[in-house]
Amino acid sequence: MKMGKKAKKGNSGFDDNGYKKNATSQVTDGTGKFKKSFKHHQNSDSQAPVIRKQVEPETAKYFSEIANLFESQGVDVEERSVICGNALEEARGKEFELATDYIISNTLQTLLDGCNLDNLCSFLRGCANIIPAIAMDRSGSHVAETAFKSLARHVQDTEAYTIIEETLKMICKVIVVNPLDLMCNCYGSHVLRSLLCLCKGVPLDSPEFHGAKGSKVLAERLNLKVSHLDGNDSQHLQQGFPSLLKFLVSGMMNCTKEDMKTLQVDQYSSLVLQTALKLLAGNDQELLHIIPVLLGCNKENLAEGKFIDMIIAGETVESMKEPAFSHLMEVILEVAPESLYNNMLTKLLKNSLFELSSHPCGNFVVQALISHARTKDQMELIWEELGLKFADLLGMGRSGVIASLIAACQRLQTHEYKCCEALATAVGSKNETSKFIVPRILFLDSYFSYDDKSSWSWPGGAKMHVMGSLILQAIFKFQSEWIQPYILSVTSMDAEHVLEAAQDARGARVIEAFLASDASTKQKRRLVVKLRGHFGELAMNLSGSFTVERCFNAGNLSLREAIASELLAVRTELSKTKQGPHLLRTLDIDRYATKPDQWRSKQASKQSAYNEFFVAFGSSESKSTKSNKLLYNASMDTSGHEELNIKKDIDGSLISTSVVDDTSSEKKGRKKRKRDVASEDAVGSNRAIEKAVKNFLSSSTPDKKRHNASNQRLKI
């Protein structure tokens with residue numbers, strides 16, 4: 001941290017937080033405005049307001065000299081710890097004034113980062129009673145965060161465990177007296193979430209517990225990745241304080257249960273509750289106690305086995321249309337024990353699914369409900385309400401609900417044919433041929449916003465729909481007998497439309513999914529041949545290079561040679577691209593250029609070995625392609641593979657709202673609910689089937705290990 005800030009306003013009447021320097025003032029909310037008690041808070045134990053006094057000139061001068069000393073870098077490591085300890089001793093009794101001072105707070109952060117454990121704990125114990133006031137200040141919140149991060153570095157030291165636990169216990173006891181204001185404060189809520197993470201033993205900056213990125217949520221809901229909460233991310237757990245975590249969470253819940261309706265819809269308290277629930281994932285006993293309270297259930301109803309009063313249930317469902325509570329409900333459904341999930345489905349959400357699905361915020365709750373269904377019976381209940389609503393949902397721009405339904409039916413192996421049939425019906429009519437199905441799904445927004453749908457045509461040059469692409473990728477994982485209309489549609493596309501799809505990153509994923517499907521080899525080659533003459537052009541694009549490789553693997557010897565000849569024509573330019581060297585090596589273009597006959601012989605031998613492989617592992621083409629798909633799907637789980645690190649140049653447009661529709665109407669209704677799905681965070685495929693076959697062929701057709709960069713593949 002740079003300590004070069006100079007108090008330019010040091011002699012003025014106000015400091016940088018808006019405090020009057022020649023008078024005392026009440027603690028502010030960090031924006032210069034006086035902090036008011038939360039209007040719904042009725043707790044009689046509310047703490048008295050903290051009075052912020054002026055920092056004495058001598059003290060300000062002392063800490064300024066400390067800052068200058070550290071900036072000069074004239075302090076060695078051993079001296080630094082001693083100086084930090086002495087300076088923190090000087091801060092005793094003045095912690096609040098110093099931590100909330102815009103300039104001195106920076107120096108205080110440096111001291112807390114460089115001091116030893118004893119000085120750190122001494123500082124925190126000295127200000128434990130006012131830690132909420134410090135945390136709710138713009139500058140003070142950074143001081144509190146730094147102190148917790150410094151504590152986290154010492155947690156693994158067994159000798160330090162007791163002193164850290166005692167220090168945290170003092171802080172937790174103060175917080176649970178009146179947690180409401182802290183939970184609902186933009187600065188304080190973040191500090192509180194860090195404290196929860198520290199008690200659990202997870203990194204304080206862990207994205208999984210500070211709000212997972214939308215791309216990860218999307219991947220989990222579409223069966224592309226195992227939930228980041230499975231096993232509570234145990235590989236990242238450090239030494240924690242489970243009893244303190246339980247004490248802190250239960251204390252917050254007990255103190256705020258009367259204000260639960262307010263907490264449900266407050267964006268900052270919602271984040272705190274989400275973090276607490278994620279940290280308790282797997283602890284069914286605690287969750288069975290906490291979740292009903294969050295939903296507004298009372299003890300009497302729970303004792304009578306009613307779970308929730310019908311009036312309260314209606315109010316709770318209505319609250320799910322609020323951005324903050326819809327976020328919270330998603331996490332509740334994700335971590336809820338099975339018995340509680342079943343109660344929420346049958347007694348809280350039943351008969352409200354379509355209403356919620358129609359809402360810009362509420363549809364996220366339905367997506368979470370569908371994605372975390374445990375049994376076929378639960379899916380049956382969901383299907384009864386939504387199975388005949390595909391066209392309505394797509395028309396409203398709720399394609400995320402449809403994608404979640406398809407993925408859940410795949411996972412639970414139920415209603416699979418009905419899903420395929422319902423989707424095909426939603427984008428067409430009985431009087432039309434199947435050829436329009438895939439183009440209309442690729443351009444969902446364009447099609448459903450068109451007044452005369454019967455005259456809709458391919459909108460050349462338009463970007464393809466993210467969720468439409470994901471839906472089609474999921475569809476092509478079903479058995480071929482269930483998806484014949486989709487196979488007929490994709491193979492009936494005009495050549496120029498196939499090329500345009502291959503040039504769009506989203507359309508390219510659909511083509512690849514089709515080539516990895518149970519469709520016959522003849523059907524796949526019918527599509528591949530339409531790209532003839534454009535493989536060199538596609539290979540120059542990072543996304544298109546994967547499509548070229550997939551087409552090569554699906555082609556017969558004549559098609560493979562046609563692809564190789566096109567790549568040979570652009571070999572010089574292609575070798576200069578990021579993906580080029582790998583593609584040229586994989587397709588053995590150098591050998592084709594110098595020894596074409598040997599290349600043909602090798603390809604024929606490889607194809608023969610592939611056939612032998614599939615004969616060994618499947619007696620028919622259908623079985624072999626199922627093996628292909630099984631391994632392909634297994635590779636989608638990134639838990640056992642390298643983390644994706646694809647560059648943004650693959651396609652800057654592959655950014656959408658998480659697990660949901662990127663329609664303009666939805667964006668207007670959800671300004672506060674932004675969930676960017678960055679392309680570099682999306683889930684990739686390592687093409688496990690190709691690797692398996694290459695291992696099988698290693699004795700006769702040795703192949704170099706695939707380049708790491710090509711393994712890191714965008715699949716959205």
Exercise. Is the count of non-hydrogen atoms from other residues, nucleotides or ligands lying under 6.0 Å from Lys94 atom NZ greater than 12?
Worked result: yes

Problem set entry | Matching residue for Leu108 among Leu88, Asp113, Ile66 - test: side-chain contact (heavy atoms from CB on, under 4.5 Å) | Leu88

Exercise. Distance from Asp259 atom CG to Lys261 atom NZ, nearest 0.5 Å?
Worked result: 11.5 Å

Exercise. With no hydrogens and no angle check, is any side-chain donor or acceptor of Thr146 less than 3.5 Å from a backbone partner on His142?
Worked result: yes

Exercise. How far apart are the closest heavy atoms of Ala135 and Ser141, and which atoms are they?
Worked result: O-CB, 3.3 Å

Problem set entry | Donor + acceptor pair across side chains of Gln274, Ser270 (<3.5 Å) | yes

Problem set entry | Nearest-0.5 Å distance that lies between atom CG in Leu195 and atom SG in Cys172 | 4.5 Å

Problem set entry | Heavy-atom pair with the smallest gap, counting every atom of Asn178 and Asp181 | ND2-OD2, 3.9 Å

Problem set entry | For Val365 against Leu333, the heavy-atom pair lying closest together | O-CD1, 3.5 Å

Seminar exercise, completed: From the list Val317, Leu295, Leu294, Val366, side-chain contact (heavy atoms from CB on, under 4.5 Å) with Met329 holds only for Leu295

Problem set entry | Asn363 side chain to Pro360 backbone, donor-acceptor under 3.5 Å | yes

Exercise. Taking the side chain as C-beta and beyond, is there a heavy-atom pair between Leu198 and Ile164 under 4.5 Å?
Worked result: no

Exercise. Rounded to the nearest 0.5 Å, how far apart are CE of Met253 and CD1 of Ile291?
Worked result: 9.5 Å

For this session: Spell out, as yes or no, whether a donor-acceptor pair under 3.5 Å connects the side chain of Asp101 to the backbone of Glu97.
Result: no

For this session: Evaluate the criterion side-chain contact (heavy atoms from CB on, under 4.5 Å) for residue pair Ile311 and Glu315; output intermediate values, then yes/no.
Result: CA-CA 6 Å; Ile311 297 177; Glu315 294 174 350; 4.1 Å; yes

Problem set entry | Any side-chain heavy-atom pair of Glu334 and Glu330 under 4.5 Å | no

Exercise. Does the pair Met252 and Leu192 meet the rule for a side-chain contact (heavy atoms from CB on, under 4.5 Å), with working shown?
Worked result: CA-CA 11 Å; Met252 290 192 302; Leu192 185 51; 3.6 Å; yes

For this session: For residues Val191 and Phe148, report the shortest heavy-atom separation together with the two atoms involved.
Result: CG1-CE1, 3.6 Å

Exercise. Between the main-chain N or O of Gly240 and the side-chain N or O of Tyr161, is there a donor-acceptor pair closer than 3.5 Å?
Worked result: yes

Exercise. How far apart are the C-alpha atoms of Leu245 and Leu280, what are their side-chain angles, what is the distance that settles it, and do they pass the side-chain contact (heavy atoms from CB on, under 4.5 Å) test?
Worked result: CA-CA 9 Å; Leu245 177 65; Leu280 291 172; 4.0 Å; yes

Problem set entry | Side chain to side chain, Met183 and Tyr268, heavy atoms closer than 4.5 Å | no

Exercise. With a 4.5 Å limit on heavy-atom distance, are the side chains of Thr275 and Cys197 in contact?
Worked result: yes

Exercise. Can you find a heavy atom in the side chain of Glu286 that is under 4.5 Å from one in the side chain of Lys246?
Worked result: yes

Exercise. What's the shortest heavy-atom distance between Leu287 and Val335, and which atoms?
Worked result: CD1-O, 3.3 Å

Exercise. Does a donor on one side chain and an acceptor on the other come within less than 3.5 Å for Glu145 and His190?
Worked result: yes

For this session: Taking Thr59 for its side chain and Val55 for its backbone only, find out whether a donor-acceptor pair lies under 3.5 Å.
Result: no

Exercise. Between Thr100 and Arg138, does any side-chain donor sit less than 3.5 Å from a side-chain acceptor?
Worked result: no

Problem set entry | Worked verdict on Phe70 versus Cys84 for side-chain contact (heavy atoms from CB on, under 4.5 Å) | CA-CA 10 Å; Phe70 285 138; Cys84 288; 3.8 Å; yes

For this session: Could you tell me whether the side chain of Ile103 reaches within less than 4.5 Å of the side chain of Phe63, counting heavy atoms only?
Result: no

Exercise. Can you tell me how far the CD atom of Glu318 sits from the CG atom of Leu356, to the nearest 0.5 Å?
Worked result: 8.5 Å

For this session: Might you work through the salt bridge (Lys or Arg N to Asp or Glu O under 4.0 Å) test for Lys61 and Glu58, ending with a clear yes or no?
Result: CA-CA 5 Å; Lys61 180 180 178 182; Glu58 295 80 4; over 6 Å; no

Seminar exercise, completed: Distance col, row Leu180:CG vs Ile175:CD1, nearest 0.5 angstrom, shows 13.5 Å

For this session: Nearest 0.5 Å please: distance from the CG atom of Leu112 over to the CG atom of Asn119.
Result: 10.0 Å

For this session: Could you check if a side-chain atom of Arg80 sits within less than 4.5 angstrom of a side-chain atom of Ile83, using non-hydrogen atoms only?
Result: no

Exercise. Ser243 versus Glu165: any side-chain heavy-atom pair under 4.5 Å?
Worked result: yes

For this session: Check whether any side-chain N or O of Ser326 sits under 3.5 Å from a backbone N or O of Lys321 as a donor-acceptor pair, and report yes or no.
Result: no

For this session: Can you see which heavy atom on Ala336 is nearest to which on Met344, and at what distance?
Result: CB-CE, 3.5 Å

